[in-house]
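Read the structure below first, then the notes.
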Amino acid sequence: KPPKDRYDLFETYYRTIKNRERQKDTLESLHDSIDWIDDIQYEVAYKLQKESESDTNPSATISEEEFRQLIWEYIDETNGAEDADELCEPFFHVLTKRLCFITDVNVQGEYMFSIRSMQEFLAANEIVRESKVIENLRMIAPSAYWRNVFLFAAGYLQKNVKSGNRDIQDICEELNG
């Protein structure tokens with residue numbers, strides 16, 4: 001049965017793609033976990049969403065070098081430099097060739113989310129993992145540019161954190177005047 005709301009629709013799609021790759025046994029694991037996929041994609045999505053709001057990166061791209069560096073730093077922080085040297089390439093391959101949420105663009109060495117709404121969905125997931133979720137949502141809510149991210153985050157909170165519903169309602173009332 002298809003999801004009735006937008007957050008569930010994207011969450012189901014995202015999990016379906018990840019599970020498909022997991023069943024093919026093509027995903028590298030880090031301590032028998034594939035949480036790294038979420039961690040890295042959420043971070044990249046938020047970074048690109050933030051950068052593309054201004055003139056510095058309006059097309060929301062990340063260079064291959066910067067992307068690989070971000071992956072290497074993530075593995076280094078969680079496992080150490082030796083594992084980072086060994087796993088950076090397989091992780092990069094999984095993220096860009098297997099899952100295909102982040103793909104190369106026409107410009108040599110540039111990557112971006114092929115579906116902008118997926119970037120917004122993943123950026124919202126990064127925001128809801130932070131300790132100051134409601135404070136961050138208050139900051140982005142008035143911006144038309146962040147509207148979809150806000151709506152995805154609100155959908156996440158409604159589904160997973162019932163105590164956040166009143167806060168979301170308050171933010172919406174403030175926006176409506």
Side-chain angles (χ1 to χ4, degrees), residues 6-7 9-130 136-137 139-140 143-153 156:
R6 193 167 177 202
Y7 180 84
L9 175 68
F10 276 79
E11 175 70 13
T12 300
Y13 174 68
Y14 181 69
R15 296 291 163 221
T16 299
I17 299 300
K18 270 181 51 179
N19 289 337
R20 177 195 73 193
E21 292 305 314
R22 177 185 276 158
Q23 289 171 351
K24 291 179 182 178
D25 203 26
T26 61
L27 300 181
E28 294 290 330
S29 67
L30 202 55
H31 298 300
D32 297 325
S33 170
I34 61 168
D35 291 344
W36 64 268
I37 292 171
D38 295 339
D39 294 342
I40 293 171
Q41 290 194 122
Y42 293 173
E43 182 179 344
V44 171
Y46 182 76
K47 173 186 175 15
L48 294 180
Q49 184 71 19
K50 197 171 181 181
E51 287 178 3
S52 63
E53 181 179 23
S54 68
D55 292 342
T56 59
N57 189 6
S59 56
T61 60
I62 186 170
S63 72
E64 181 174 338
E65 179 182 335
E66 186 178 2
F67 193 15
R68 287 178 186 275
Q69 183 65 34
L70 189 144
I71 293 168
W72 191 94
E73 288 171 2
Y74 173 83
I75 301 167
D76 180 41
E77 286 175 20
T78 57
N79 277 46
E82 189 174 312
D83 280 349
D85 290 339
E86 180 184 328
L87 294 172
C88 186
E89 182 58 34
F91 279 27
F92 180 79
H93 177 79
V94 166
L95 291 169
T96 59
K97 304 296 185 213
R98 300 299 313 166
L99 295 172
C100 296
F101 295 119
I102 303 171
T103 59
D104 56 343
V105 293
N106 295 337
V107 179
Q108 183 68 18
E110 295 285 315
Y111 289 80
M112 67 187 296
F113 284 88
S114 54
I115 303 170
R116 181 61 70 108
S117 293
M118 183 56 70
Q119 175 183 307
E120 294 164 337
F121 167 77
L122 295 170
N125 278 286
E126 178 69 11
I127 288 173
V128 298
R129 293 172 9 146
E130 297 174 6
N136 290 335
L137 290 179
M139 287 177 25
I140 68 168
S143 170
Y145 181 79
W146 286 89
R147 186 73 27 92
N148 286 333
V149 175
F150 174 81
L151 292 173
F152 279 126
Y156 173 90

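Not counting sequence neighbours, Glu65 has no partner by the side chain to side chain donor-acceptor pair (under 3.5 Å) test.
With contacts defined as side-chain heavy-atom distances shorter than 4.5 Å, the pair Asp39/Arg129 qualifies. In this structure the side chain of Phe67 reaches within 4.5 angstrom of the side chain of Ile102, judged on heavy atoms. At least one side-chain heavy atom of Lys50 sits less than 4.5 Å from a side-chain heavy atom of Trp146. Residues Met112 and Ser52 have side chains not in contact (no heavy-atom distance under 4.5 Å, counting atoms from C-beta outward).
Judged by distance alone, with hydrogens and angles left aside, the side-chain atoms of Asn79 form no donor-acceptor pair with the main-chain N or O of Ile75 at under 3.5 Å. No donor-acceptor distance shorter than 3.5 angstrom exists from the side chain of Asn148 to the backbone of Phe152, with no hydrogens or angles considered. A donor-acceptor pair under 3.5 Å is formed between the side chain of Tyr145 and the backbone N or O of Gln49.
Taking CH2 of Trp36 as the reference point, atom OG1 of Thr78 lies at 11.0 Å (rounded to 0.5 Å). Met118 contributes atom CE, which lies 12.0 Å from atom SG of Cys100 (distance to the nearest 0.5 angstrom).
The two atoms that bring Ala81 and Asp76 nearest to each other are N-OD1, 2.9 Å, heavy atoms only. Scanning all heavy atoms of the two residues, the minimum distance from Gln41 to Phe113 falls at O-CZ, 3.9 Å. Taking all atoms of both residues into account, the shortest heavy-atom contact from Arg98 to Arg20 is O-NH2, 3.4 Å. Annotation for Thr103 and Ser114: closest pair OG1-CB, 3.7 Å, computed over non-hydrogen atoms. The shortest heavy-atom contact between Leu99 and Lys18 is CD2-CA, 4.1 Å.
For Glu43 and Lys47, the salt-bridge test fails: no basic side-chain N is under 4.0 Å from an acidic carboxylate O.
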Side-chain donor-acceptor pairs under 3.5 Å in residues 85-96, sequence neighbours left out?
| unit_1 | atom_1 | unit_2 | atom_2 | d |
| --- | --- | --- | --- | --- |
| Asp85 | OD1 | Trp72 | NE1 | 2.8 |
| Glu89 | OE1 | Arg68 | NH1 | 2.3 |
| Glu89 | OE1 | Arg68 | NH2 | 3.4 |
| Thr96 | OG1 | Phe92 | O | 2.7 |

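Under the 30°/60° scheme for interplanar angles, the aromatic rings of Phe121 and Tyr7 are found to be tilted.
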